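Okay, so here's the structure we're looking at.
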Amino acid sequence: MYRRKMRGMYISKRALRKHFDPRNYPRETYLLCELQWRGSHKSWQHWLRNDDSKDCHAEKYFLEEIFEPRSYNICDMTWYLSWSPCGECCDIIQDFLEEQPNVNINIRIARLYYADRASNRRGLMELANSPGVSIEIMDADDYNDCWETFIQPGVYYRFSPENFESAIRRNCSQLEDILQGLHL
DNA sequence: ATTTTCAAT
């Protein structure tokens, strides 16, 4: 059914710590996806990072190479993204959703990618206003959900978001401004 | 450092 290309389902806590702590500024982007087709009890998880060799952002890579559409039932996806999508990826996601109107994407992001660039701000605002899309900064519940889903059972990890609550708050207010179309 | 970024000039 789904190919497991490039990466698998579980991720190391080391990688999660590095890439989803908003106080870090890593030079790669991680996309963790959990999806469920309505009517099915099983969910499916997959994670990947951007492909430097192909100069391909993580979002484009996931939608073009990993996701396998079905013409029936509704698909609910949650994405945990370490960087927010750039303007171009926002357009790609929007086009994808127009072609796949049975898919919903709930996007949770750890930090904002070049938030001072008008093209990125505009992309996020337009994407957030598309049907089937929600975009939010990851809060403590998101971190816990993400950890529970993507860390292998039996691996001990305690998440302590209090260490970066101020970074989360700053990103939330910045995203709020962007989605309201301020400073475009 | 209220820096750093999947980014080229």
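Note: hydrogens, waters and symmetry copies are ignored here, and every other heavy atom, side chains too, is used. Note on naming: letters A, B, ... go to the chains in the order of the sequence lines (proteins, then strands), and numbering restarts at 1 for each one. Remember, predicted model here, so these are calculated numbers, not experimental data.
Distances were taken from every side-chain heavy atom of A/R117 (C-beta onward) to each of B/dT5, B/dC6, B/dA8; the shortest belongs to B/dA8.
If you check every strand for non-hydrogen atoms under 4.0 Å, A/N120 touches a base. Across all strands shown, A/S84 has heavy atoms under 4.0 Å from base atoms, whether or not it also approaches the sugar-phosphate. Among the protein residues, A/D55 comes within range of the sugar-phosphate backbone only, with heavy atoms under 4.0 Å from sugar or phosphate atoms but none that close to a base.
Rounding to the nearest 0.5 Å gives a distance of 14.5 Å between CZ of A/R170 and CG of A/L175. Once rounded to the nearest 0.5 Å, the distance linking NZ of A/K18 with OG of A/S12 reads 10.0 Å.
Here B/dT2 presents its P atom at 10 Å from OH of A/Y25, a figure rounded to the nearest Å. As a whole-Å value, the separation of A/D116 CG from B/dT2 P is 18 Å. What separates CG of A/D21 from P of B/dT3 is a distance of 15 Å, to the nearest Å. As a whole-Å value, the separation of A/I107 CD1 from B/dC6 C1' is 15 Å. Straight-line distance from the CD atom of A/E28 to the P atom of B/dC6: 9 Å, rounded to whole Å. Rounding to whole angstrom units, NZ of residue A/K60 and P of B/dA7 are separated by 13 Å. Atom OH of A/Y113 is separated from atom C1' of B/dA7 by 5 Å (rounded to the nearest Å). Distance NZ (A/K18) to P (B/dT5): 13 Å, rounded to an integer number of Å.
Neither side chain, A/R108 nor A/Y80, offers a donor N or O lying under 3.5 Å from an acceptor on the other.
Positionally, the nearest nucleotide of DNA chain B for A/R170 lies more toward the 5' end than for the other of A/R170 and A/D52.
Nucleotides B/dC6 and B/dT2 place their C1' atoms 24 Å apart, quoted to the nearest Å.
Ring geometry for A/W147 against A/Y143 counts as perpendicular: the plane angle is over 60°, on a 0 to 90° scale with 30° as the lower cut.
Residue A/H57 has a polar side-chain atom (N or O) positioned under 4.0 Å from OP1 or OP2 of B/dA7.
Under the 6.0 Å distance and 45° angle rule, A/R111 counts as a cation-pi partner of A/W83.
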